[in-house]
Amino acid sequence: MTESLRWVKSSYSNNGGQCIEWAPEHAAATGEFLVRDSKDLNGPQLTLTRAAFAGLVEFARHHG
């Protein structure tokens, strides 16, 4: 299922290649927030709740 997802790089990932991506349409449709390392497209993915994803975004804002 994740092969056909549209992945978007985080706007907080512009720091020399340390990038994460997420799948916004999947999140909207399912409530699952998928996150992966943009340097390892076939690697593992995290599945986060809305609250956990919001916490990740907040962390990136303050420590990005």
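The heavy-atom pair separating Thr49 from Ala52 by the smallest distance is OG1-N, 3.0 Å.
Using a 4.5 Å cut-off on side-chain heavy atoms (C-beta onward), Phe33 and Thr47 make no contact. Side-chain contact between Gln45 and Trp7 is present, with at least one heavy-atom pair separated by less than 4.5 Å. Between Leu34 and Leu46 the shortest side-chain heavy-atom distance does not fall below 4.5 Å. Residues Asp37 and Ile20 fail the side-chain proximity criterion, which asks for heavy atoms closer than 4.5 Å.
For the side chain to side chain contact (heavy atoms under 4.5 Å, CB included) test with Glu21, the passing option among Arg36, Lys39, Arg6 is Arg36; the others fail.
Within a 6.0 Å radius of CG in Asn42, no more than 12 heavy atoms belonging to other residues, nucleotides or ligands are found.
Considering CD of Glu32 and CZ of Arg50, their distance stands at 12.0 Å, rounded to 0.5 Å.
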